[in-house]
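Per chain, numbering begins at 1; letters A, B, ... match sequence-line order.
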Number of protein chains: 2
Amino acid sequence: MRRSAREGVATIPDVARHAGVSTATAARALGGYGSVSPKTHQRVLVAAATLGYRPNGLARSMITGTTHTLGVVLADIENPFFYRALRGITDTARSRGYGVVLTNTDEDASLEREALTTLLERRVDGLIVCPAEGGDRRHLSDTVDSGLPMVLLDRHVPGLGVDMVGLDNRRAAADATRCLIQHGHTRIAIVTGGREPVLPTPTQRNVPGIQGSSVTTPARAAGYRDAMVEAGLELRPEYLSASGFHRDDAAAATEVLMNLSEPPTAVLAFDSILTLGVLLALRRLGRRCPDDVSVLGFDDAEWAEVVSPPLSVVRQPVYEIGSKACTLLLDRIEGGGRRPSQHRLKGQLIERDSTAAPGTAVHEDAALLAT
Amino acid sequence: MRRSAREGVATIPDVARHAGVSTATAARALGGYGSVSPKTHQRVLVAAATLGYRPNGLARSMITGTTHTLGVVLADIENPFFYRALRGITDTARSRGYGVVLTNTDEDASLEREALTTLLERRVDGLIVCPAEGGDRRHLSDTVDSGLPMVLLDRHVPGLGVDMVGLDNRRAAADATRCLIQHGHTRIAIVTGGREPVLPTPTQRNVPGIQGSSVTTPARAAGYRDAMVEAGLELRPEYLSASGFHRDDAAAATEVLMNLSEPPTAVLAFDSILTLGVLLALRRLGRRCPDDVSVLGFDDAEWAEVVSPPLSVVRQPVYEIGSKACTLLLDRIEGGGRRPSQHRLKGQLIERDSTAAPGTAVHEDAALLAT
DNA sequence: ACCGCGTGTGGTAACGTTCTCAGAAGTTGC
DNA sequence: GCAACTTCTGAGAACGTTACCACACGCGGT
């Protein structure tokens, strides 16, 4: 009858006393394991209800060794790629009875390490990580070595030996670049977002196996290079623009590009936030898209269609990427060990109005003069 | 020397053995409480490092009664309002040593109840909840009654007796409506996103104290009504459009509005996803903005400036709302009980190009004819 | 009448930490 | 030289659950 002394939170012994059975029996009735007669089962349930019993997940996790919790470590939840992927993750996790602890790293390796530490202390059952660009990766391999299941999202860390789900970046970037080339562009720039400029050196050009075995930004840069080389176009270092991952970083980078003596006639941006920066800069500089500059971006953000002009994009199956990462992780947690593998989903090129032949503006002027 | 039998995870007794001290001493050295001689302290630390000891947060939480974890229950992480607020929450939480468990409800009260249940089992230290629109709220009051600190985000639940942080919705909506009226609009519609149409009945018109004491959608509707009544304009029920909270719901609602015999010349949308739907529908219908229809939306999404035309919006201090909610919650968890109160932050009207005088299209035509 | 078996039940040991208490060792004060 | 105090240490309880073992009971088969 009397609840435990502390703040009125009923425990199994309390329920057992109230129902007149042993703790073991009450625990079996409430936990749904072992065997309990229907009569006592009912009695225990009633006692639990009247006492407002709530199972203590901590104690349960202590003994079962599983928390039914996943740790998710992302760069920045405000990026459409990440919040859509997160939606895929949380949905799948919930449908299989798991919760999600979220952490942002802002591409900071030390924040990432810190996040991993607290998640390990919390004894999460597994991790979904989008590793920060660059920096030391020791903490990642340490975590993997400790036996905690991990799945990498969007980016790959060679040699880590874990599952990874992401886009077939090299191919998608090559397709995107080809699209621009087919429109007649030869001066094509990329806005990569990485911290150091990604220079596709000639020596990398024909390294076999680099496809899919590299991290996102370099893989996309490689795809860009593939298409350029394939078309016999010149790779200009000044067209390989890397700033930060923020909108204004991309805007600044775009302004630099446009102030070149030979500015590019087309820009390929590596994610939707960067694309936003490119558009903003063009608008500020008074350059018209696609008349003066064609723009092609990664990620089909929800606003891509409404922007001016409607944006041509490489759509990633983002929700599916998140969902698949989660499924893979849960299967590994519950099932056991397959060999880790990379899952590269295909991108889809969606052409809207931001890509066109170069020099359209001139044509329009010509048309105007002709009247 | 020998680690515990199970999967090679060292525990405090393991560390103690290795350092040649008792468990109690090792625990003190590692936990930084009680008093330990500098010499043994060092020895224990070394032992912990060589064994790769990781504290078990579950066991710690069991005994201390605190998990340093917050539960966050939102409608939809893909909505800019929510992911920006979430960013404010996670940042503040992390800076004060707390983690965050995230749950989406999709405005479904039963999912919300389910989420609350698992969060309670996980023994989170507090909750930040954006309650689902409508539905039974028993689970919320039960949770509050159980003594778990809670802060409401964006929406208010009268009588719940908890802190709440959000926008001064009524005032912001009134300001927004007034802006449209000043442009000369008289046929102004709202796209609210609620499930049932929000009809500001005449009886509510002058109820004192409704300001701030009501949930978001009705509060904004009330602000709209305030401004309309103030200007002596007619409130037409067919201009009060409520569908779902998704983009396509708003698009459908907009199409209905535009097919009225007397369509509105201005639309006020209650969040950025809805605004997107409105713009999309206008584009599909071939209506030009602001020439045919002015659009004003809540929330200054990152794309608002780049959309065509650049969007006039009511900006909410979203990050601050999330951050403040988290601060309030943590203060209550750590500090103790102030009286719960409502915190209403001011919105800011940002006019860009999507709002103009009605009938601009006619003017342009006239100008064209004049040449 | 005995054994074997399945079902229901209770006692109790874990899980890994912190907390409480008691005592040992060293230090100070008279 | 003894009491009083501080600093350090260790043994063991506690948190709330599940896992494990033992036992009582009823039942059918040899």
d(CZ, B/Arg123; P, C/dT17) in whole Å:
20 Å

Suppose we screen for side-chain contact (heavy atoms from CB on, under 4.5 Å). Which residues come up paired with A/Arg138, at least two apart in sequence or across chains?
A/Asp136, A/Asp142

Salt-bridge test for B/Glu107 and B/Arg155: reply yes if a basic N is under 4.0 Å from a carboxylate O, no otherwise.
yes

Once you round to the nearest 0.5 Å, how far does CG of B/Asp108 lie from CD of B/Glu114?
9.0 Å

Please report, rounded to the nearest Å, how far the P atom of C/dT12 is from the CD1 atom of A/Ile12.
18 Å

Taking only side-chain N and O atoms of A/Ser22, does any of them lie within less than 4.0 angstrom of OP1 or OP2 on C/dG10?
yes

Nearest 0.5 Å, please: how far is CG in A/Leu160 from CG in A/Asp145?
8.5 Å

Once rounded to the nearest 0.5 Å, what's the spacing between atom CG of B/Leu111 and atom CG of B/Leu116?
11.5 Å

Per the end-axis method with five pairs at each terminus, what is the bend angle of the helix from C/dA1-D/dT30 to C/dC30-D/dG1, to 10°?
50°

Partner residues of B/Thr143 under the side-chain hydrogen bond (donor to acceptor under 3.5 Å, both in side chains) criterion, sequence neighbours left out
none

Interatomic spacing from CD in A/Glu112 to NE2 in A/His139 - rounded to 0.5 Å
3.5 Å

Does anything in residues 26-35 of chain B reach DNA chain D, meaning a heavy atom under 4.0 Å, and if so which residues?
B/Arg28, B/Ser35

Pair up each side-chain donor or acceptor in residues 318-329 of chain A with any protein partner under 3.5 Å, not counting sequence neighbours, and list the distances.
from, atom 1, to, atom 2, distance (Å)
A/Tyr319, OH, A/Asp91, OD2, 2.6
A/Thr327, OG1, A/Ser323, O, 2.9

Let me know the distance between NE2 of A/His41 and P of C/dT9, rounded to the nearest Å.
11 Å

Is B/Asp331 salt-bridged to B/Arg338, going by a charged N under 4.0 Å from an acidic O?
no

Provide the closest heavy-atom pair for B/Arg87 versus A/Asp106 in the form atom of the first, atom of the second, distance.
NH2-OD2, 2.6 Å

Classify B/Thr23 by what it touches in the nucleic acid, base, sugar-phosphate, or nothing, heavy-atom distance under 4.0 Å.
nothing

Shortest side-chain distance from A/Ala24, nucleotide among C/dG11, D/dT9, C/dT9:
C/dG11

Let's see if you can work this out: which of D/dT17, C/dG16, D/dG10 has an atom nearest to the side-chain heavy atoms of B/Thr11?
C/dG16

With a cut-off of less than 4.0 Å, is there a side-chain N or O of A/Ser37 near OP1 or OP2 of C/dG8?
no

Closest contact, heavy atoms only, B/Ala109 versus B/Ala132:
N-CB, 4.1 Å

By a strict heavy-atom criterion of less than 4.0 Å, which residues belonging to residues 54-64 of chain A are in contact with DNA chain C?
A/Met62, A/Ile63

